[in-house]
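Working notes, structure below.
The structure displayed is predicted, hence computed values, not measured ones. Ligands are counted one by one from 1 in listed order, and the atoms in each one are counted from 1 as well.
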Amino acid sequence: MALTDFLVEELNSLKQAGLYRPLKELQSPQRPRSLIDGREVINLSSNNYLGLADDPRLKQAMIEATEAYGAGSGAVRTIIGTMTIHNRLEEKLAEFKHVEAAVVFQSGFTCNSGVIPVLVGEGDAVISDELNHASIIDGCRLSKAKIHRFRHADMDDLERVLKETDGQYRRRLIITDGVFSMDGDIAPLPDIVELAEKYGCMTYVDDAHSSGVLGKNGRGSVNHFGLDGRVTVQVGTLSKAVGVLGGYVAGPRALIELLWHKGRPFLFSTSHPPGVAAACLKAIEIMESEPELIDRLWENTRYFKKGLTDLGLDTGRSETPITPVIVGDEVKAMQLSDRLLEEGVFAQGIAYPTVPRGKARVRTIVTAAHTKEDLDEALAAFAKVGRELGLI
Ligand SMILES: *Cc1c(COP(=O)(O)O)cnc(C)c1O
């Protein structure tokens with residue numbers, strides 16, 4: 001027995017369960033029609049909500065900053081890796097989000113793993129929606145705070161946890177995704193904020209899938225509900241609708257300055273290349289000056305969602321551009337995804353452990369860049385394959 005035989009055995013069990021997924025290769029830019037493994041297909045799996053990933057203005061900003069400041073930043077932010085362009089992006093984000101200050105991390109993932117441990121630690125509690133993103137779960141574990149979960153978006157259950165934990169901890173933090181990445185539903189933030197205020201808890205919203213999607217000019221879920229100033233910490237991503245890479249924290253200045261000193265990925269991992277920061281800044285400017293991009297995203301969302309439900313497919317509780325087609329059976333969900341790809345549509349199949357057992361699905365995401373023709377063609381493929389697999 002070789003020491004690494006267990007790796008092969010684990011892989012084999014994935015293969016036997018029909019859950020082994022080789023990596024697909026994207027051979028073109030991220031576009032509504034993309035070249036995947038040698039074929040042009042309609043892309044319904046990208047988080048490039050506003051089509052900015054391939055926008056010529058972002059590319060130009062990236063090239064110019066690269067020419068001016070170089071390909072890499074050469075150090076962590078706290079040594080000599082804070083360049084003018086990093087500071088300009090953060091000033092812009094703070095102004096955009098109507099908060100005192102903002103700080104950018106290398107990714108949304110590192111944001112959550114770095115920020116949560118600064119807010120809570122031993123003797124504290126995090127109260128977390130059961131469907132929160134993996135990076136929130138990791139951040140909570142790293143914090144050493146006690147983790148209490150509440151049933152997804154269930155405010156009675158949240159209040160139950162709040163009552164049970166009342167007076168038991170030094171500090172409590174309620175944490176939720178703004179938009180849930182596998183179901184596309186929006187967190188009931190007005191109720192969460194009210195409960196947090198009633199029970200004296202801090203609040204933390206991860207707006208990875210709401211940045212650039214919800215709120216005025218894409219300011220996110222907090223702004224969408226008119227809750228500006230009432231949520232302690234907002235985390236956003238620069239990797240999805242913003243089209244580039246990164247995560248940011250928007251909140252009180254004291255938190256931001258403390259993160260300079262205690263946010264571990266900020267302290268111990270190199271900062272973004274200047275081109276990345278410049279392209280992010282350009283994207284925020286475009287979101288401010290071209291609200292029609294977000295209008296188009298929502299027009300496409302309504303059109304495609306209606307198309308899927310008119311076919312009789314189960315789209316669950318989606319309210320956003322993320323629309324799952326829930327199949328239930330894991331192997332069948334993968335078959336649906338595979339057959340759609342043969343029909344020229346790429347929509348990722350998603351199974352346990354990313355979603356609960358028995359809730360396997362194909363997830364679709366439309367963008368502002370899709371045309372009606374793209375969406376009609378995709379709907380025709382769903383109709384054909386859906387009938388073939390007995391889903392409709
Ligand atoms: C995608 C996602 C992240 C991670 O963001 P990256 O910038 O890709 O690292 C964090 N939280 C949620 C809710 C996400 O959906």
Side-chain angles (χ1 to χ4, degrees), residues 26 30 45-50 52-53 58 89-90 93 102-117 119 126 128-143 149 152-153 173-189 192 203-215 218 220-222 224 231 233-251 263-266 269-273 276-277 279-280 283-284 317-324 348 350 353-355 361 363-365 367:
L26 179 66
Q30 200 65 259
S45 289
S46 170
N47 300 315
N48 182 27
Y49 290 104
L50 301 176
L52 291 173
L58 268 68
L89 174 60
E90 287 168 347
L93 284 167
V103 62
V104 171
F105 279 62
Q106 297 87 350
S107 70
F109 197 106
T110 55
C111 237
N112 284 328
S113 61
V115 177
I116 298 167
L119 291 162
V126 276
S128 175
D129 186 290
E130 64 180 350
L131 294 189
N132 277 344
H133 190 259
S135 56
I136 294 180
I137 295 168
D138 283 13
C140 292
R141 286 180 182 154
L142 285 168
S143 77
R149 300 202 305 171
H152 174 57
L173 175 69
I174 303 175
I175 187 159
T176 184
D177 282 16
V179 167
F180 288 84
S181 53
M182 293 300 143
D183 291 279
D185 53 334
I186 306 173
L189 288 186
I192 291 176
T203 43
Y204 184 118
V205 177
D206 177 351
D207 257 345
H209 283 283
S210 349
S211 308
V213 174
L214 289 177
S221 61
V222 172
H224 167 77
V231 167
V233 184
Q234 298 178 66
V235 162
T237 183
L238 304 166
S239 323
K240 289 172 177 158
V242 175
V244 196
L245 175 69
Y248 63 87
V249 191
R264 288 171 69 82
F266 188 86
S269 184
T270 299
S271 57
H272 278 159
V276 167
C280 290
I284 304 291
R317 49 178 177 257
S318 168
E319 312 167 74
T320 65
I322 299 173
T323 307
Q348 181 72 49
I350 295 171
T354 311
V355 294
R361 64 199 61 191
R363 185 179 67 160
T364 69
I365 299 179
T367 72

Report the nearest protein non-hydrogen atom to [atom]: residue, atom name, distance rounded to 0.1 Å.
| atom | result |
| --- | --- |
| atom 2 (C) of ligand 1 | K240 NZ, 2.4 Å |
| atom 13 (C) of ligand 1 | D206 OD2, 3.2 Å |
| atom 6 (P) of ligand 1 | G108 N, 3.3 Å |
| atom 7 (O) of ligand 1 | S239 OG, 2.5 Å |

Polar contact flag for T237 and ligand 1 (N/O pairs, less than 3.5 Å):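 Between T237 and ligand 1, an N or O pair is found under 3.5 Å apart.
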
Ligand 1 N/O within reach of F109 N/O, cut-off under 3.5 Å: yes

Residue pair V213 / P321: nearest heavy atoms and the distance that separates them: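 Minimum heavy-atom separation between V213 and P321: CG1-CD, 3.7 Å.
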
Nearest atoms (heavy-atom pairs only) where T237 meets A208: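 T237 and A208 have their closest heavy atoms at CG2-O, 3.0 Å.
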
Exam field: side chain [X] to backbone [Y], donor-acceptor pair closer than 3.5 Å:
| X | Y | answer |
| --- | --- | --- |
| E130 | H152 | yes |
| S239 | G246 | yes |
| S143 | I116 | no |
| R361 | M182 | yes |

Interfacing atoms of ligand 1 (cut-off 4.0 Å, heavy-atom, H209):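 Reading through ligand 1 atom by atom, the close ones are 15 (O).
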
Where ligand 1 meets D177 - atom numbers and elements under 4.0 angstrom, heavy-atom basis: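 Under 4.0 Å from D177, ligand 1 has these atoms: 13 (C).
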
Residue portion contacting ligand 1 (non-hydrogen atoms closer than 4.0 Å) for S135: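 Side chain only.
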
Parallel, tilted or perpendicular, as decided by the 30° and 60° cut-offs, for the rings of F266 and F105: tilted

G246 to ligand 1, any heavy atom closer than 4.0 Å: yes

